Amino acid sequence: MSVAAMHYLPSIEEPVLERQLASWRSEQPQMGVLALLPEAEGAAVPKLQEVCARLNIPLVGALFPALVESDTFRTQGAWILRFDEMPYANLYPDLPRESDRLHAAVNGIVADITPNLGERREVTLFMLFDAMVPNIATILDQLYLRLANRVHYMGANAGSESFTPMPCLFDGSRIVQGGVLVLLLQPHHGAVLEHGYGAPPQALQATSTDGNRIVQIDWRPAFEVYQEMAKAHYGVEITRENFYQYAVHFPVGIVRANGMILVRIPVQLEADGSLFCVGEVPPNALLTLLSAPTVDSVRTLNALAHGLTVLGMPPRGRDVLLFYCAGRRLHLGIDAAQDELRALTQRFQASGIAGVLSLGEIGGSTQWDYPLFHNATLVASYWGRSNV
Amino acid sequence: MNREQQILTVLYEMILAISGEVSLKPLLTKTLQQLLYHTSFPAGVVFLEVPPDSGAEVVSVRLDGAVGDFGLIERVGNILTLPRALVRGDAEVCEAPDLLAPLSCATAQYSTFFRLPVNHEGLILLLGQNIPHTELPLTRIFQPVMANFAKAIELCRHNDAYTSGLVVQRNQALEGVRKVNRALKTLSAGNEVLVRVADETSMLQEMCRVAVEVGGYRLAWVGFAQSDEQKSILPVAQSGIEADYLRQMHFSWGDNELGRGPTGSAVRTRQPQVVQDIRDDRSYAPWRGAALQSGFAAVLALPLLDNEGNAFGALTIDAAEANAFDSEEMRLLSELANDLAFGIINLRNRVERRRSIEKLRKGLEDALQAIASTIEMRDPYTAGHQRRVAHLADAIAAKLGLDPERCHGLHLAGMVHDVGKIGLPAEILSKPGKLLDIEFDLIKLHPSIGYEILKDVEFPWPIAQMVLQHHERLDGSGYPSGLKGDEILLETRILTVADVVEATFSFRPYRPALGIDTALGEISKHRGVLYDGEVVDACLALFEQKEFTFDQPK
């Protein structure tokens, strides 16, 4: 696959789009397109669908808070990424919440995927979820129980940065919400995920949780304890009024037995004092309050570059697909995040970096790692056949 | 919270997550998932029954659970042969690709493992390509979790055993309900047959069909005990298999080899007999081969008892599954057999009663015919008159829609309506020319005389009344009582019209035959005055539509 397999359109104009797609198709008649758009360009989705339908090119895509183009965040335009041959793709809207129905839905997804796995060893299950789906970690666990190591796992959450429900996943004819877009990339070696958050010594226990909500910490209302921790450790007074301003700066870390942290960003303060996070929090999980200074960007970027090297080759001169967590950008602040992007661009020396600002990420720190649903991470993967 | 406290809290979380499971398979999956989540190893396997160490270099052990490796998940339940050095030993994180070769495959190559013994019998192995980064002593921190896991395994095993026991009980209960429902449906459909079917052959056949089609039994047949030398049982109805099956069989109700099977025993002992498994029941030996070939496994034979409690036959039901009949089902099917026996006896009694009634009726009719003949012998001019009146009255009644039984009564009344003339002098009856008043007064007595003759004879119909009233007229101008309108029986109003039409039509000593047109003119002229309008209309319609003609009067 050539460098031209990833193309950024500064604005979505039909003739330009059509010209680009037609040019690609003349090289790759079996091609398909993954389109990544910022939420501000949501109105352009029908235009994309129309052009692709006219050219008979399969299309899938999603809307994100913003795009990453090389070392810059963009809220206009679109990334169009070419598949030389359209892979298996399926859009599942309105995923259920109840355990029995969810079980059946996951079984359905697995049943659809399985016949398309083929004999190849290197297959990546690439998932783009609507960030409003409340049970992504559970779905991921269930998929891993059934598919195990038959695939690599990689994915991210789409949607609005304001967590306003909106249709954000699309294919050639539909745009849906509350679901997942599933693709089988093959051959593909998966992705590398890293956040670089360190665990501070202070930790407390989530004594009551309900899916994405932390109801109690240490048997007290979650927000009360959250306020005390922020005050005690970082000297910050968090109130109901300034919660949305500060919460992203103090995400919650779920501590694992190996000392690794799973980040959860509180995005909503409920009336009962519970904290609504992006991603489920296991009952009785050990929680810690994270803050900006604990992020080690250098370590994060080194880990990513090393991880990509382990996937097959160093990123220099390759096309890289990047998911950069929106929460991380808020957490670090726009300038620090921009710096991190620049550092990543320099560190990778990739021929191109196509990315989005995501609302949660799926993957592992290394290839064949136990896949988990994270917040506040960077996920990097190679794009295109020649780069896998 | 220091690091030790953190570890304890994480362990607490793990133990709580694990102890939420109540069944073994989910427990193993959940535990492996928790360990993978907390250690970042991608795959894990669990063995619950590692054999005691015999010193051998390899150990054969059953794989009880796997997460994260599709190849190993597919091998769950299989016996794996693993190196002793992998299976034996304390908790350890180790890089040893050679030891892991039996667990690796083309799609997953492992270089490192994390061994976690579970008490002295079980083992968990977490598998990976690299040792995941951690600053914590993994080998030590999970020991409390493993101790708790071992207890959870025991509890889940107990619970699974208890649950499977409950499932067995529930299935047994459901099977019992299914059988009772089957019998109830058969009983209900059988009762419907008893109400609906009016002859014995159909009843027997239908009952067998119901047992097979509604009850789902494989064969149902009815046999009647014969009084022959062999005390044989003759199949008279069957459903479920081809007729040849029973034709090849011989059954007896005698105390002999062919009589000791369920059917013969049921007739002889007058008690239900069941063979729950024909394969090992000695008494069923004479029929076993053919029965097994036809797919039968259990047989229930139910005696058919008459009112005195004697068995006159048996209903035999064959099922495809062994132990098909439980006590409640047998009770319900016995009820079905009792209903069938009752139905048969009832039908037979009904036939007998009908025969008696027919005989009695015939006797009465013969007596009436004899009376009619007597009067006709005395009065040749009325010879045939009563018979023709009877026919016409019968036809008018049918035209008016009266039921056949009522028509028949009217016919009989017509046959004897002039029986009272037997008490009048023959000279008056056959006198040519006009009668004197006194003679006519005598003639007018014949309805009352006829009534006197017949009134004490018990007919199912009001024949004496019809005879008494047959000269009454609608407007009250008739005799002997001057009855009007509805005071006169409908049958009599019909009889009157028939009598007038026939009398006018035929020859009389005092005048020639006037013909049918005159006869019909007479009743039309007095329609609704002397004669019932509807009856007149029906009579006119009969002739106009040529539905009735008189035979030639004598």
Side-chain angles (χ1 to χ4, degrees), chain A residues 110 114 117 119-123 137-138 140-153 190 193 198-207 209 218 229 253-262 281-288 299 303 310 364-373, chain B residues 1-3 5-17 19-20 26 29-30 32-44 65-74 93 105-111 114 126-138 140-142 145:
Chain A
V110 171
T114 307
L117 284 175
E119 296 303 313
R120 283 179 172 147
R121 163 93 170 109
E122 301 301 335
V123 182
T138 303
L140 188 59
D141 273 349
Q142 292 195 15
L143 285 170
Y144 192 61
L145 280 180
R146 289 161 179 77
L147 294 168
N149 58 348
R150 299 178 83 184
V151 294
H152 301 288
Y153 298 82
L193 174 148
Q202 173 72 16
L204 292 167
Q205 193 166 22
T207 44
T209 66
D218 274 357
M229 287 171 76
I254 302 171
V255 184
R256 293 194 277 159
N258 58 2
M260 308 291 257
I261 299 289
L262 200 58
V281 178
N284 308 111
L286 185 66
L287 302 180
T288 183
R299 202 188 87 194
V310 171
S365 301
T366 60
Q367 199 180 32
W368 302 120
D369 195 0
Y370 187 78
L372 290 171
F373 176 70
Chain B
M1 191 181 280
N2 59 34
R3 174 161 291 182
Q5 284 174 316
Q6 282 193 15
I7 291 171
L8 280 176
T9 312
V10 171
L11 297 183
Y12 171 68
E13 177 207 337
M14 282 187 74
I15 288 168
L16 281 181
S19 57
T29 303
K30 185 73 161 188
L32 288 173
Q33 272 186 308
Q34 283 285 313
L35 288 168
L36 299 180
Y37 168 80
H38 278 289
T39 61
S40 290
F41 276 94
V67 169
D69 184 314
F70 194 75
L72 290 172
I73 290 169
E74 295 218 307
V93 178
C105 61
T107 54
Q109 301 290 325
Y110 298 114
S111 305
F114 177 12
L126 304 185
L127 309 168
Q129 287 169 328
N130 306 295
I131 295 176
H133 169 78
T134 178
E135 295 164 3
L136 298 173
L138 291 181
R140 290 210 306 277
I141 63 176
F142 290 115
V145 177

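Note on naming: letters A, B, ... go to the chains in the order of the sequence lines (proteins, then strands), and numbering restarts at 1 for each one. Bear in mind that the values here come from a model prediction, so they are computed numbers and not experimental data.
For chain B, the nearby part of Leu372(A) is the side chain; its heavy atoms alone come within less than 4.5 Å. Both the backbone and the side chain of Leu36(B) come within less than 4.5 Å of a heavy atom in chain A. Using a 4.5 Å cut-off between heavy atoms, Leu147(A) contacts chain B through its backbone alone, with no side-chain atom that close. Proximity to chain B (any heavy atom under 4.5 Å) is shown, for Leu143(A), by neither the backbone nor the side chain.
Shortest non-hydrogen contact noted between Ile73(B) and Leu145(A) is CD1-O, 3.7 Å. Shown here for Tyr37(B) and Pro282(A), the closest heavy-atom pair between the two residues is OH-CG, 4.2 Å. Gly68(B) approaches Ala148(A) most closely through the heavy-atom pair C-CB, 3.4 Å. Across all non-hydrogen atoms, the minimal contact from Tyr370(A) to Phe41(B) is CB-O, 3.6 Å.
With respect to chain A, the highest number of heavy-atom pairs below 4.5 Å among Met14(B), His38(B), Gln34(B) belongs to His38(B).
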